[in-house]
Chemist: 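Before anything else, here's the structure in question.
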Amino acid sequence: MRRYFSFQWHITDECDQRCKHCYIFSENCNKVLDSMNWDQMEETFYNCLDFCESYHRYPYFYITGGDPILHPHFWKLLELLKKHSIPFTILGNPFHLNDDVCHKLKEYGCEKYQLSIDGLRETHDWFRKPGSFDITLEKIGCINRAGIRSVVMTTVSGTNIDEVPGIIDAVVEAGTNIYAFARYCPTSEEKDVNIEPLRYRQLLAECDKKFKEYEAKGCQTYFNKKDHLWTLYEYETGEFKIPDTAEKGMIYGGCHCGSGHLTILPTGDVYACRRVQNSKVGNVFEDRLADLWVCEVEKYRDFNKFEKCSKCELLAFCRGCPAVVSGKDGNFYAPDPQCWKEVD
């Protein structure tokens, strides 16, 4: 079967917020807002389709920004996706959503709409802007009523780690379909997520217990264990076992950087991963993505270079988060700073 290949496509930097942990403005708070024009969007789209034809993959788009709905050609892009019967997810803000907008998104083929909650009310509104917490919870209902799957993501750091269990309660009560969290990737100014390894393991244990309690009650929220350190945690608890059929040298899971996705910015710059700040591999207006994949992206598939993970029996299934690693000291292959496992 052909597998999906995901493109995280940032069509504009335009946004209603200036979040304190935003990658776009992490190095330059006065950055000029970039945005693709329509000709560039069409060129990018067909470059992505050429990539998938070349490697026998199905395209899947994560349309984002900034807030993609603010782009003047946002709806025109969705028409193009619908014309080619390509599924997509929107990663955006809640502020321009209402029942009519959400139903329109559904008509164009939107499968999921992802929102962010990065703390309880006071903390979240400090990260983003006053009123954002309540508006985000409210708009989950708009998304659900349209038949789109609502997704809530939390970016976990030392600032909000103690609030994650409370966030879970809040989003479940609001009726979100999917909940997940990932760790904050340090920017050029901040070099640490400020979470000790065993504290992060404790968070996973707390959340695992809460997830199971909700599931036992028949809760309809799906808890997506997105962070790959969940694999290590469940390996230790016995919920994950290395399959007897696993072949040495094969990669079965873990980080998709270099294997399952690319990120495209409004400037056309192509990144192996948006969260890995030094992972630019080319430009979609100048390069054929299919060529970049076998040339510039190859180094992100050199799994034997991982300084700690290459010595671990979970190499093929985990590898932590190289984005958090590279944000800390620029070394993609260094040990994950929140990995608590000791490896000889």
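Remember, it's a predicted structure, so these values are computed and weren't measured experimentally. Just so it is clear, the values below take in all heavy atoms, side chains as well, and ignore hydrogens, waters and symmetry mates.
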Chemist: If we ignore hydrogens and angles and just use 3.5 Å, is the side chain of R57 paired with the main-chain N or O of Y4 as donor and acceptor?
Modeler: yes

Chemist: Under 6.0 Å between ring centres: does that hold for Y58 and Y60?
Modeler: no

Chemist: Give a yes/no verdict on a cation-pi contact between R183 and Y200, requiring under 6.0 Å between NZ or CZ and the six-membered ring centre and an angle within 45° of the axis.
Modeler: yes

Chemist: Taking the six-membered ring of Y108 as reference, does the cationic atom of K82 (NZ for Lys, CZ for Arg) lie under 6.0 Å from its centre and within 45° of its axis?
Modeler: yes

Chemist: Is the count of non-hydrogen atoms from other residues, nucleotides or ligands lying under 6.0 Å from E239 atom CD greater than 12?
Modeler: yes

Chemist: So, E307 and N331: side-chain donor and acceptor under 3.5 Å apart, yes or no?
Modeler: yes

Chemist: Determine, step by step, whether F45 and H84 satisfy the ring-ring contact (aromatic ring centres under 6.0 Å, His included) criterion, reporting the C-alpha distance in whole Å, the side-chain angles of both residues, the deciding distance to 0.1 Å, and the verdict.
Modeler: CA-CA 11 Å; F45 176 78; H84 289 267; 5.2 Å; yes

Chemist: Walk me through it: do D269 and N283 pass the test side-chain hydrogen bond (donor to acceptor under 3.5 Å, both in side chains)?
Modeler: CA-CA 4 Å; D269 287 342; N283 187 283; 3.0 Å; yes

Chemist: Evaluate the ring planes of F303 and F306, with Trp represented by its six-membered ring, and classify them as parallel (under 30°), tilted (30 to 60°) or perpendicular (over 60°).
Modeler: parallel

Chemist: Would you say S326's side chain and P322's backbone share a donor-acceptor pair under 3.5 angstrom?
Modeler: yes

Chemist: Is there a side chain to side chain contact (heavy atoms under 4.5 Å, CB included) between R149 and I178? Walk through the geometry before answering.
Modeler: CA-CA 8 Å; R149 301 201 77 192; I178 303 169; 3.8 Å; yes

Chemist: Run the side-chain hydrogen bond (donor to acceptor under 3.5 Å, both in side chains) check on R274 and S279 step by step: do they pass?
Modeler: CA-CA 8 Å; R274 179 64 184 100; S279 68; over 6 Å; no

Chemist: Between E163 and L120 (side chain of the first, backbone of the second, donor and acceptor by atom type, cut-off under 3.5 Å), is there such a pair?
Modeler: yes

Chemist: So how far is it from D16 CG to I135 CD1, rounded to the nearest 0.5 Å?
Modeler: 9.5 Å

Chemist: Parallel, tilted or perpendicular: which describes the rings of F51 and W293, with under 30° parallel and over 60° perpendicular?
Modeler: perpendicular

Chemist: Report yes if some heavy atom in the side chain of I11 is under 4.5 Å from a heavy atom in the side chain of F74; otherwise report no.
Modeler: yes

Chemist: Begin with the C-alpha distance, continue with both residues' side-chain angles, and end with the deciding distance and a verdict on side chain to side chain contact (heavy atoms under 4.5 Å, CB included) for V156 and I195.
Modeler: CA-CA 9 Å; V156 180; I195 303 173; 4.0 Å; yes

Chemist: In terms of side-chain heavy atoms, does D34 have a donor or acceptor partner in H10 at a distance below 3.5 Å?
Modeler: no

Chemist: Between G175 and I140, which heavy-atom pair has the shortest distance, and what is it?
Modeler: C-CG2, 3.9 Å

Chemist: Please round to the nearest 0.5 Å and tell me the distance separating atom SG of C142 and atom CG of L97.
Modeler: 6.5 Å

Chemist: Please name the pair of heavy atoms, one in G320 and one in C255, separated by the smallest distance, quoted to 0.1 Å.
Modeler: O-CB, 4.3 Å

Chemist: CZ of R128 to OG of S116: how many Å apart, nearest 0.5 Å?
Modeler: 4.0 Å

Chemist: Has D125 got a side-chain atom pairing as donor or acceptor with F133's backbone, closer than 3.5 angstrom?
Modeler: yes

Chemist: Do other residues, nucleotides or ligands put more than 12 heavy atoms under 6.0 Å from the CD atom of Q220?
Modeler: no

Chemist: Quick check: does any side chain N or O of Y62 sit under 3.5 Å from a backbone N or O of L91, one acting as donor and the other as acceptor?
Modeler: no

Chemist: Determine the minimum heavy-atom distance between A334 and D329, stating which atoms define it.
Modeler: CB-OD2, 4.1 Å

Chemist: Please report the C-alpha distance between I168 and C207 in whole Å, then the side-chain angles of each, then the deciding distance to 0.1 Å, and finally whether the side chain to side chain contact (heavy atoms under 4.5 Å, CB included) criterion is met.
Modeler: CA-CA 8 Å; I168 295 170; C207 291; 3.8 Å; yes

Chemist: Taking all heavy atoms of N160 and all of S157, pick out the closest pair and write down the distance.
Modeler: OD1-N, 2.8 Å

Chemist: Should Y271 and Y333 be regarded as members of a common hydrophobic cluster, given that ILVMFWY residues are connected when their side-chain heavy atoms come within less than 4.5 Å of each other, either directly or indirectly?
Modeler: no

Chemist: Given 3.5 Å as the limit, does a donor-acceptor pair link the side chain of H124 with the main chain of P130, or not?
Modeler: no

Chemist: Using a strict 4.0 Å threshold on nitrogen-to-oxygen distance, state whether D208 and K225 make a salt bridge.
Modeler: yes

Chemist: Which heavy-atom pair separates S54 from R288 by the least distance, and what is that distance?
Modeler: OG-NH2, 2.9 Å

Chemist: Got a salt bridge between R201 and E196, using NZ or NE/NH1/NH2 to carboxylate O under 4.0 Å?
Modeler: no

Chemist: Under 30°, 30 to 60°, or over 60°: which ring-plane class applies to F223 and Y179, parallel, tilted or perpendicular?
Modeler: perpendicular

Chemist: From L78 CG over to K83 NZ, what is the distance, rounded to the nearest 0.5 angstrom?
Modeler: 14.5 Å

Chemist: Without hydrogens or angle criteria, can the side chains of D169 and Y214 be said to hold a donor-acceptor pair below 3.5 Å?
Modeler: yes

Chemist: In terms of hydrophobic clusters joined by side-chain contacts under 4.5 Å, are I117 and L115 together?
Modeler: yes

Chemist: Test your reading of the model: is there a side-chain donor-acceptor pair from H228 to the backbone of C321, 3.5 Å cut-off?
Modeler: no

Chemist: Once rounded to the nearest 0.5 Å, what's the spacing between atom CG of L265 and atom OG1 of T64?
Modeler: 10.5 Å

Chemist: For T263 and F7: C-alpha separation, side-chain torsions, deciding distance, then whether side chain to side chain contact (heavy atoms under 4.5 Å, CB included) applies.
Modeler: CA-CA 6 Å; T263 296; F7 299 95; over 6 Å; no

Chemist: So, E42 side chain and D39 main chain: donor-acceptor pair closer than 3.5 Å or not?
Modeler: no

Chemist: State the CG-CZ distance between D118 and F181, to the nearest 0.5 angstrom.
Modeler: 12.5 Å

Chemist: Check for me whether K305 meets the cation-pi criterion with Y300, that is, NZ or CZ under 6.0 Å from the six-membered ring centre and within 45 degrees of the ring axis.
Modeler: no

Chemist: Going by an N to O cut-off under 4.0 Å, is there a salt bridge joining D99 and K139?
Modeler: no

Chemist: Can a salt bridge be assigned to the pair K280 and E296 using a cut-off of 4.0 Å between side-chain N and carboxylate O?
Modeler: no

Chemist: Distance-only, no hydrogens or angles: does the N177 side chain make a donor-acceptor pair with backbone N or O of T221 under 3.5 Å?
Modeler: no

Chemist: So if I apply the side chain to side chain contact (heavy atoms under 4.5 Å, CB included) rule between R319 and each of V325, T231, I251, which one comes out positive?
Modeler: I251

Chemist: List for me each residue that meets side chain to side chain donor-acceptor pair (under 3.5 Å) alongside E298, sequence neighbours excluded, and say none if there are none.
Modeler: R301

Chemist: Would one find more than 12 heavy atoms of other residues, nucleotides or ligands at under 6.0 Å from atom CD of E213?
Modeler: yes

Chemist: Would Y235 and Y233 count as a close aromatic pair, with their ring centres under 6.0 Å?
Modeler: no

Chemist: For A290 and Y55, work out which heavy atoms get closest and say how close.
Modeler: O-OH, 2.6 Å

Chemist: Is the shortest heavy-atom distance from the side chain of I161 to the side chain of N194 under 4.5 Å?
Modeler: no

Chemist: With heavy-atom distances below 4.5 Å as the criterion, would you say the side chains of H96 and L70 are in contact?
Modeler: yes

Chemist: Say whether, by atom type as modelled, one donor and one acceptor occur between the side chain of D227 and the main chain of L229 under 3.5 angstrom.
Modeler: yes

Chemist: A quick test of your reading: do over 12 heavy atoms of other residues, nucleotides or ligands sit less than 6.0 Å from NZ of K210?
Modeler: yes

Chemist: So that I can tick it off, tell me whether E313 and K341 are bridged by a salt bridge, with the cut-off set at under 4.0 angstrom between side-chain N and carboxylate O.
Modeler: yes

Chemist: Taking atom types as modelled, find out whether E236 and W340 have a side-chain donor-acceptor pair closer than 3.5 angstrom.
Modeler: yes

